[in-house]
Amino acid sequence: MTDAQLVKAITKPAIVASALPANFARLGEDCRALEKAGVDRIQWDLMDGRFVPNLTFGPGTVAAARAETDLPFEAHLMTLEPEAYAASLADAGCELMIVHAEACPHLHRTLAAIRDAGLRAGVALNPATPLDAVAHVLDLTGLILVMTVNPGFGGQRYLASMEPKITAARRLADTAPHPVEVEVDGGIGPATAGRAAAAGADVLVAGSALFHHPGGPAAAVTALRSAAEKGRP
Ligand code: DX5
């Protein structure tokens, strides 16, 4: 199957809102606005100031937002020892927990612990990390997150050099006997969503593009979906 045939098989990419740019004084309102805007999921970026040079929030914030929306929640852990948070994130109402391969010396054990906590498990790869890092744990993985920025901050420039890795991740995901999503996070907006979708992404994470769109989140979602559709073969 050619890359184009491979990507053509993907249904419309899901749009996931990163809550990183949210107004945390009005988090409930922002969650409701995202739901009204039509995003498919909300992603909570947990950062510990050690794995990445930024500190955000913990499972308590996720739990507080849970009652504000019916949208599915996923957590992107940019932390060391992420397995320590599996139980509390499950209790907080997350369905999916994404950990960085670079933060997990025992990735197989970490993914098994996440699944034992009742969560789907995902693996995130920094730009410099080869896809091989997930090759031997695909049986435990429901999502491969290809980072198109170096993690830690929103509003960064999309790294187009990651597109071959997105396509390779799509190929790898399609060898699994179970569904494996290919998610892309970092610099996703109307100008880049088509490229990421064309490369093979079926989940697009956007923060700045959603919260800073002049027309508001609903207009941003429409622009992202249209760009993603146009970009696919
Ligand atoms: C990086 C974060 C960001 C965020 C999205 O650590 O993971 O990628 O989710 O940020 P934008 O969409 O503003 O690039």
Side-chain angles (χ1 to χ4, degrees), residues 13-24 27 30-31 33-34 37 39-58 61-62 65 71-80 82 85 89 94 96-104 122-129 143-163 165-166 169 181-197 199 201 203-217 219-225 227-228 231:
I15 302 294
V16 175
S18 161
L20 196 58
N23 178 343
F24 281 80
L27 189 55
D30 278 1
C31 287
L34 289 170
V39 304
D40 295 292
R41 315 200 283 252
I42 293 179
Q43 182 183 93
W44 300 93
D45 289 305
L46 276 68
M47 301 180 192
D48 65 0
R50 296 159 63 210
F51 181 67
V52 291
N54 196 2
L55 192 59
T56 53
F57 42 75
T61 301
V62 180
L71 284 172
F73 282 0
E74 65 183 54
H76 174 194
L77 276 85
M78 287 158 276
T79 73
L80 298 177
Y85 304 104
L89 285 168
C94 276
L96 166 63
M97 180 174 166
I98 304 165
V99 298
H100 271 262
E102 306 86 0
C104 302
V123 180
L125 304 173
N126 285 337
T129 304
L143 177 142
I144 300 170
L145 168 50
V146 178
M147 293 299 292
T148 43
V149 294
N150 287 293
F153 299 91
Q156 299 181 77
R157 186 175 55 82
Y158 170 84
L159 296 172
S161 56
M162 291 297 116
E163 287 167 3
K165 191 199 288 190
I166 298 169
E181 294 178 300
V182 175
E183 181 171 285
V184 173
D185 178 356
I188 294 294
T192 55
R195 296 182 61 121
V203 184
L204 301 174
V205 178
S208 309
L210 278 172
F211 282 91
H212 301 155
H213 191 289
V221 170
T222 302
L224 286 169
R225 290 200 195 283

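Counting starts at 1 for both ligands and their atoms, in listed order.
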TODO: Number the atoms of ligand 1 from 1 as they appear, then name those within less than 4.0 Å of a heavy atom of M78, with their elements.
DONE: 6 (O), 7 (O)
Task: Contacts of R41 that satisfy salt bridge (charged side-chain N to carboxylate O under 4.0 Å, His left out) - sequence neighbours left out - done: E74, E181, E183
Open item on the list: Show me which atoms of ligand 1 lie under 4.0 Å from any heavy atom of M47.
Closed with: 6 (O)
TODO: Please say whether G207 places an N or O atom under 3.5 Å from an N or O atom belonging to ligand 1.
DONE: yes
Open item on the list: Using every non-hydrogen atom in the two residues, find where T79 and L46 come nearest and quote the distance to one decimal.
Closed with: CG2-O, 3.5 Å
- [ ] Considering heavy atoms of the protein only, find what lies nearest to atom 14 (O) of ligand 1 and give residue, atom and distance to 0.1 Å.
- [x] G187 N, 2.8 Å
Task: Heavy atom of the protein closest to atom 1 (C) of ligand 1 (residue, atom name, distance) - done: F153 O, 3.5 Å
- [ ] Would you mind listing which atoms of ligand 1 come within a distance below 4.0 Å of any non-hydrogen atom of H76?
- [x] 7 (O)
Open item on the list: Taking Y158's backbone N and O only, do any of them form a donor-acceptor pair with T192's side chain (distance below 3.5 Å, no angle check)?
Closed with: no
- [ ] Look up atom CZ in F24 and atom CZ in F57, then write down how far apart they are to the nearest 0.5 Å.
- [x] 4.5 Å
- [ ] Among all protein heavy atoms, pick the one closest to atom 13 (O) of ligand 1 and tell me residue, atom and distance.
- [x] S208 OG, 2.4 Å
- [ ] Verify, without hydrogens or angle tests, whether K165 (side chain) and P127 (backbone) share a donor-acceptor contact under 3.5 angstrom.
- [x] yes
TODO: Taking all heavy atoms of A209 and all of I188, pick out the closest pair and write down the distance.
DONE: CB-O, 3.3 Å
Open item on the list: Please find the pair of heavy atoms, one from L27 and one from T61, that lie closest to each other, and give the distance.
Closed with: CD2-CG2, 3.7 Å
TODO: Check each atom of ligand 1 against the heavy atoms of A206 and keep those under 4.0 Å away; list them by number with element.
DONE: 12 (O)
Task: atom 3 (C) of ligand 1: the protein heavy-atom neighbour that sits closest, reported with distance to 0.1 Å - done: D185 OD1, 3.5 Å
Open item on the list: Among all the protein's non-hydrogen atoms, which is closest to atom 6 (O) of ligand 1, and how far away is it?
Closed with: G152 N, 2.7 Å
Open item on the list: At under 4.0 Å between heavy atoms, is it the side chain or the backbone of S18 that contacts ligand 1, or both, or neither?
Closed with: side chain
- [ ] Looking only at protein heavy atoms, identify the closest one to atom 10 (O) of ligand 1 and say how far it is in Å.
- [x] G154 CA, 3.6 Å
Open item on the list: Taking 4.0 angstrom as the limit and counting only heavy atoms of G186, give me the atoms of ligand 1 inside it, by number and element.
Closed with: 8 (O), 14 (O)
- [ ] Would you check the N or O atoms of G155, main chain and side chain alike, for any that come under 3.5 Å of an N or O of ligand 1?
- [x] yes
TODO: Determine, considering heavy atoms only, which of L20, V16, D45 sits nearest to atom 9 (O) of ligand 1.
DONE: D45
Task: T148 side chain to G186 backbone, donor-acceptor under 3.5 Å - done: yes
Task: Closest non-hydrogen atom pair between P82 and M97, with its separation - done: O-CE, 3.0 Å
Open item on the list: Test your reading of the model: is there a side-chain donor-acceptor pair from D48 to the backbone of R50, 3.5 Å cut-off?
Closed with: yes
